[in-house]
Protein chains: 2
Amino acid sequence: MAQKNKLQFIILGLLNQHPLTGYDLTKAFDNEIGEFWQAQHSQIYPQLKRLEDQGYITHEVTISGAKLEKKLYHITATGAQLLHTWISDGTPDLTATKDEFILKLYFIRTSRDPRLVPMLHEQRRLHTDKLTHLQARLKTVFPTKASQAENYGHYLILQHAIGREAYYVNWLQQTLIAIPKAR
Amino acid sequence: MAQKNKLQFIILGLLNQHPLTGYDLTKAFDNEIGEFWQAQHSQIYPQLKRLEDQGYITHEVTISGAKLEKKLYHITATGAQLLHTWISDGTPDLTATKDEFILKLYFIRTSRDPRLVPMLHEQRRLHTDKLTHLQARLKTVFPTKASQAENYGHYLILQHAIGREAYYVNWLQQTLIAIPKAR
DNA sequence: TTCATCATGTAACACGTTACATGATTCG
DNA sequence: CGAATCATGTAACGTGTTACATGATGAA
């Protein structure tokens with residue numbers, strides 16, 4: 001196999017909560033899931049077909065209005081089993097974060113490079129914005145202790161993402177301070 | 001375009017430091033660069049051909065031993081210009097980190113899920129190992145102030161990676177502590 | 001002389017993005 | 001009745017991984 005096809009597990013994980021259509025799944029990737037994983041409908045529809053061929057999901061056709069057909073997908077027992085196995089299995093591969101800014105930084109040889117400070121400023125702005133956005137999301141999605149306990153994993157990863165961005169912003173800040181001033 | 005072809009810029013960036021063969025480039029991805037970017041020789045050789053067709057690099061053939069041909073690639077002026085432009089241009093896209101563990105965590109619904117604690121322990125071990133490895137690298141690659149100043153960008157990103165892993169380990173630790181004990 | 005490494009390439013396949021394509025429903 | 005959204009699909013292309021394929025060199 002080339003990679004690992006994580007998409008199939010995300011779909012199974014979402015269907016394990018509620019039956020959904022391909023369209024609903026696409027929306028999920030635009031919204032909550034989109035914070036940490038992306039997928040387009042052109043990837044989702046074929047994957048649904050494959051999962052169904054393999055017996056991990058089934059669908060029923062419902063009619064909306066006069067004749068618009070919706071395919072509502074359900075997870076099967078074997079699908080739920082596969083999902084459980086995936087989560088239970090070890091996750092030993094720490095994906096290298098392919099951060100384009102970090103890559104560019106690698107090629108900056110000296111602290112006197114005139115491109116350095118503007119680059120750091122841009123990233124500080126972008127990561128500060130992201131941090132603010134994530135903090136707002138935490139407040140709206142998990143306003144109460146009860147809501148946090150109800151979707152504990154989601155709560156944890158939002159917290160984690162906030163901490164990560166806070167670290168990033170702080171590192172940029174410290175790096176900017178540490179750069180020797182041009183004489 | 002589908003993505004952005006960052007590989008071409010990495011190759012240009014490396015050739016901007018020294019002329020290298022495809023084999024040397026492959027080694028670079030196994031070693032220093034491998035910490036934050038991967039590429040196999042099957043991707044590198046065709047990319048070298050494309051960059052040469054576009055006039056960004058040239059090569060000279062050298063003979064090693066009796067008849068082994070090595071293609072030593074050099075960056076051209078237009079190649080150096082392209083590299084400079086890429087670095088100078090903004091980097092507004094913050095890549096979502098596709099961390100499989102985080103993804104699995106999303107599907108853990110409650111703090112009582114028996115899979116949760118073992119998962120966190122495994123990740124703590126993995127990220128602690130990575131942190132240790134990175135700290136060792138910092139010491140061997142940048143032992144002196146002078147060495148840090150000489151390859152400032154590389155030094156910064158190693159520092160950054162260490163801080164990131166330290167945050168990750170700390171977060172895992174705090175999360176483990178916060179999980180309510182089973183009664 | 002054999003094994004690890006040097007050295008370069010292609011093929012097949014998996015994954016991911018953008019674009020193409022079509023049609024129904026709902027709300028103003 | 002027009003526009004936004006709902007709803008489902010395919011095609012083309014780019015990127016990335018694994019596997020296939022070949023041969024030379026250097027050191028034990």
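Every chain is numbered from 1, with letters handed out A, B, ... down the list of sequences.
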Contact residues, residues 14-27 of chain A to DNA chain D [heavy atom, < 4.0 Å]:
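Going residue by residue through residues 14-27 of chain A, the ones with a heavy atom under 4.0 Å of DNA chain D turn out to be T21(A), G22(A), Y23(A), K27(A).
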
Heavy atom of residues 99-107 of chain B under 4.0 Å from DNA chain D: which residues?
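Within residues 99-107 of chain B, no residue comes under 4.0 Å of DNA chain D.
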
[X] has an atom [atom1]; how far is it from atom [atom2] of [N], in whole Å?
X      : N       : atom1 : atom2 : value
Q40(B) : dA7(C)  : CD    : C1'   : 17 Å
K98(A) : dC15(C) : NZ    : P     : 15 Å
K67(B) : dG26(D) : NZ    : C1'   : 16 Å
H59(A) : dA7(D)  : NE2   : P     : 15 Å
I11(B) : dT8(C)  : CD1   : P     : 13 Å
Q47(B) : dG16(D) : CD    : P     : 9 Å
W37(B) : dT15(D) : CH2   : P     : 12 Å
D30(A) : dT5(D)  : CG    : P     : 12 Å

Need to verify one output field. Residue with the more 5' nearest nucleotide on DNA chain C, L68(A) or Q43(A)?
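On the 5' side of the pair lies Q43(A).
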
On DNA chain C, does the nearest nucleotide to S42(A) precede the nearest nucleotide to I63(A) from the 5' side, or the other way round? Give the residue.
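Checking each residue's closest nucleotide, the 5'-ward one belongs to S42(A).
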
Checking [Y] against [X]: is there a side-chain donor and acceptor pair closer than 3.5 Å?
X       : Y       : answer
S88(A)  : T85(A)  : no
Y167(A) : N170(B) : no
Q8(A)   : R50(A)  : no

Quick one: is dC15(C) close enough that its OP1 or OP2 comes under 4.0 Å of any side-chain N or O from K6(A)?
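Result: no.
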
Verify the contact: side-chain N or O of K71(B) to OP1 or OP2 of dG9(C), cut-off strictly under 4.0 Å; return yes or no.
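Answer is yes, contact under 4.0 Å.
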
Looking at every heavy atom in both E122(B) and P92(A), which two are closest together, and how far apart are they?
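Of all heavy-atom pairs spanning E122(B) and P92(A), the closest is OE2-N, 4.0 Å.
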
Check this for me, if you would: do K71(B) and E60(B) make a salt bridge, where the nitrogen-to-carboxylate-oxygen distance has to be below 4.0 angstrom?
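Judged by the 4.0 Å cut-off on N to carboxylate O distance, K71(B) and E60(B) do not form a salt bridge.
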
Take H84(B) and R115(A) through the side chain to side chain donor-acceptor pair (under 3.5 Å) test and state the conclusion after the steps.
CA-CA 10 Å; H84(B) 185 88; R115(A) 297 169 296 186; 2.9 Å; yes

Is the number of heavy atoms from other residues, nucleotides or ligands under 6.0 Å of H133(B) NE2 greater than 12?
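Counting neighbours around NE2 of H133(B), more than 12 heavy atoms of other residues, nucleotides or ligands fall under 6.0 Å, so yes.
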
Please test W86(A) against E100(B) for side chain to side chain donor-acceptor pair (under 3.5 Å), starting from the C-alpha separation and ending with a verdict.
CA-CA 10 Å; W86(A) 171 68; E100(B) 190 175 2; 2.9 Å; yes

Of the options dG9(C), dA7(C), dT8(D), whose atoms approach the side-chain atoms of K49(B) most closely?
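Output: dG9(C).
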
Could you check which of dT17(D), dT10(C), dA19(C) has an atom nearest any side-chain atom of H41(A)?
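Side chain of H41(A) sits closest to dA19(C).
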
Write out all pairs satisfying salt bridge (charged side-chain N to carboxylate O under 4.0 Å, His left out) with one or both partners inside residues 24-40 of chain A, taking only residues at least two apart or from two chains.
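Applying salt bridge (charged side-chain N to carboxylate O under 4.0 Å, His left out) to every pair that reaches into residues 24-40 of chain A, excluding sequence neighbours, yields E35(A)-R137(A).
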
